[in-house]
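Every chain is numbered from 1 and lettered A, B, ... according to where its sequence line falls, protein lines coming before strand lines.
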Number of protein chains: 2
Amino acid sequence: MTSQPRPTQADVARLAGVSTATVSYILSGRSSRSTPASPETQQRVFDAMEQLGYNPQWAARALKRRPSGIVTVLTHVPLPTLSSELISQVQDLAGAREMETVFLQYSDDASLARQLRLVRGGLADALIVMGLENMAEATQSRLAALPIPVLAVANEAPPGLSLIRRHERAALIDLFAHLRRSGSQGVHYVTATPRVNRRVLDRRTAVVTEAAAITGVVPVLHRVAVAPDPVQARAILDGISVDGTQAVVCQSDRMAITLACVARNAGIAVPGALRIAGMGNIAEGALTQPSLTTVGVRDPDYRSVIGHLLDRAEDPTIAPETFDTPWELLVRDSA
Amino acid sequence: MTSQPRPTQADVARLAGVSTATVSYILSGRSSRSTPASPETQQRVFDAMEQLGYNPQWAARALKRRPSGIVTVLTHVPLPTLSSELISQVQDLAGAREMETVFLQYSDDASLARQLRLVRGGLADALIVMGLENMAEATQSRLAALPIPVLAVANEAPPGLSLIRRHERAALIDLFAHLRRSGSQGVHYVTATPRVNRRVLDRRTAVVTEAAAITGVVPVLHRVAVAPDPVQARAILDGISVDGTQAVVCQSDRMAITLACVARNAGIAVPGALRIAGMGNIAEGALTQPSLTTVGVRDPDYRSVIGHLLDRAEDPTIAPETFDTPWELLVRDSA
DNA sequence: CTGAAAGCGCTTACAG
DNA sequence: CTGAAAGCGCTTACAG
């Protein structure tokens, strides 16, 4: 850490013997200038920047040319609501447009409010929100009122947001039909106790229940804490007969993986004595032993959705859109 | 998303019938003014802000009062090098100083360079770097040359950085002694194939080997990919006799947890037929079944270190410091 | 107790 | 082909 004052564009200009305007044009490439600086001038400027260790001041640039060049991803912590595919695709596409990606994490209402102040303060041209459905309604509305385009992964949201909607229903019906066919007489559904917005988890539960009903079963409901915890998993298993007639569907793959691991450790054969399925199709599910039967998006590709969001950032007249990602039943070994 | 031009301080001032200076002083609280505005004026200003939906423009503020009020955490993705304790402690302490926390994630050299440009551009008053040891030397040097204080979790680094150093040696000796005592004749060490900076993982391996040697054993080395993968775990297990005479030490808790789960799924009793230990003491290790024997920091508390970093951000004359976190042997059920 | 004004480091029409 | 100058939205000495 050196504490000498940082070089500015003016310093570079002086050293290169040109005006700051020229430095700025050369730096940005974006010549709306009729003609670019001569190659020699350019070289002199580059050399000067190099020699001084010049770095453009982000705040000054952002202040002048309003779009900040930043796309922000807002996630919850410690609950990992991040799809790694989504992250890397955002970084790719943003990078291609010379935008930076920054991540903001909130853990409670207070920190969320602080992060939103940053966003409203101009630290984002576009916002991607994970875990919207767990936020309080008031928060959701505040997100929708943001002066930048917002993309959320959610089935329901206030108007004004672009949405990635998951269509679980058909896949769930397939899942329950599959479980029946393979001999399950009883079905259990393990879901988290909602933290903030109980309504949404309840909706999800309703969809599950309904899908089960269509295939002629009534699932037994189990509620656990959000973070998958082996002790709780054990307690659930203790209440289920493991004679091969039962199946457990978990609200998340992570829960299902924990449950399967705990089950097998307890000597319960999966899927022989107990079938277990998850929801979400996280990458890890394909690697576990037994591999996890689940419902979810087969090949998560959000590129077109992200592209839409970035387009909206550049052209505010583009209306928000809803994207439907069809979920499928992915039969693997655990059920 | 609404696209009307955002209200500025001038708008608020006009509506409240005061000058922008007054608005600014009221907003920041930091009255270096002899006297604060009268309560009625304050109220008028707050009302005006409310009515207009005013939000201070972050870039303009940052441009004027140099410290940006942001502490940045730089992490690698998809490899999670984040300690959740560290994150929440950073957010807490930064929040107490009215600073915001943003996260930057890099996946390769190109994205890292882009993120560093943001940081150098003033998007951070202080930087916390996870996974420094896996970066190329040149990158480490660039981090050390940053004009803001940097804190890294690493045992070695170029001068100029504040460091959290982990002292594994004594704990590892304890671990190997413990394994011997409980009947392990052979010891295996499972480590990742280094991605970028091979030197560091090799150093870690050397420390492990040395600690083992002190207790009179020579560990068998197994190399796997970084992400814990059940298939590879299975392959390793196939090469180890599971007659209760062997112990496996993994470079990370996550690897150890995967290995233990795969082992038990394969009918190998842990610790009866095979002892398994990890490194790092992640929270999950205490919850798995069997709970994970490991070495690491018993109660991760980085508050004083983070405090030091934030102090440096406020007072550049404070020298970087190195903090030693003593690792301990944490005996649980798996070994 | 409050306002007018300078200036942070950039960008970009505009005038040579 | 290049420079002088205005201005982005704030903060903060300074003068009333």
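- Between A:His76 and A:Tyr106, the ring planes are perpendicular. Angles over 60° get that label, and only those under 30° would be called parallel.
- With sequence neighbours excluded, no residue forms a side chain to side chain donor-acceptor pair (under 3.5 Å) with B:Arg61.
- Taking atom OH on A:Tyr25 and atom P on C:dC10, their separation rounds to 16 Å, with Å as the unit.
- For C:dG3, the OP1/OP2 oxygens have a side-chain nitrogen or oxygen of B:Thr22 closer than 4.0 Å.
- Across the C1' atoms, C:dG16 and C:dT12 are found 16 Å apart, a figure rounded to whole Å.
- The list of salt bridge (Lys or Arg N to Asp or Glu O under 4.0 Å) pairs with a residue in residues 157-166 of chain B, not counting sequence neighbours, reads B:Glu133-B:Arg166, B:Arg165-B:Asp324.
- When each of A:Thr20 and B:Val18 is assigned the nucleotide of DNA chain C with its nearest heavy atom, B:Val18 is the one assigned upstream, toward the 5' end.
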Can you give the dot-bracket line for DNA chain D, using ( ) for pairs inside the strand, [ ] for pairs that cross earlier ones, | for pairs with another strand and . for unpaired bases, where Watson-Crick and G-U count if both distances are under 3.5 Å? |||.||||||||.|||
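- Not a single ring-ring contact (aromatic ring centres under 6.0 Å, His included) links A:Phe46 to another residue, sequence neighbours left out.
- We find that CG of A:Leu123 is positioned 15 Å from P of D:dC10, with the value rounded to whole Å.
- In this structure A:Glu85 satisfies the salt bridge (charged side-chain N to carboxylate O under 4.0 Å, His left out) test with no other residue, sequence neighbours excluded.
- Within the structure, every pair that satisfies the salt bridge (Lys or Arg N to Asp or Glu O under 4.0 Å) test and touches residues 8-28 of chain A, not counting sequence neighbours, is listed here: A:Asp11-A:Arg14.
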Shorter than 3.5 Å, N or O on both sides, protein versus nucleotides 7-9 of chain C: list them out with atom names.
unit_1: C:dG7; atom_1: N3; unit_2: B:Lys64; atom_2: NZ; d: 3.3
unit_1: C:dG9; atom_1: N2; unit_2: A:Ala60; atom_2: O; d: 3.4

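- Applying the side chain to side chain donor-acceptor pair (under 3.5 Å) criterion to B:Gln43, with sequence neighbours excluded, gives B:Asp47.
- Judged as a salt bridge (charged side-chain N to carboxylate O under 4.0 Å, His left out), and not counting sequence neighbours, A:Arg117 has no contacts.
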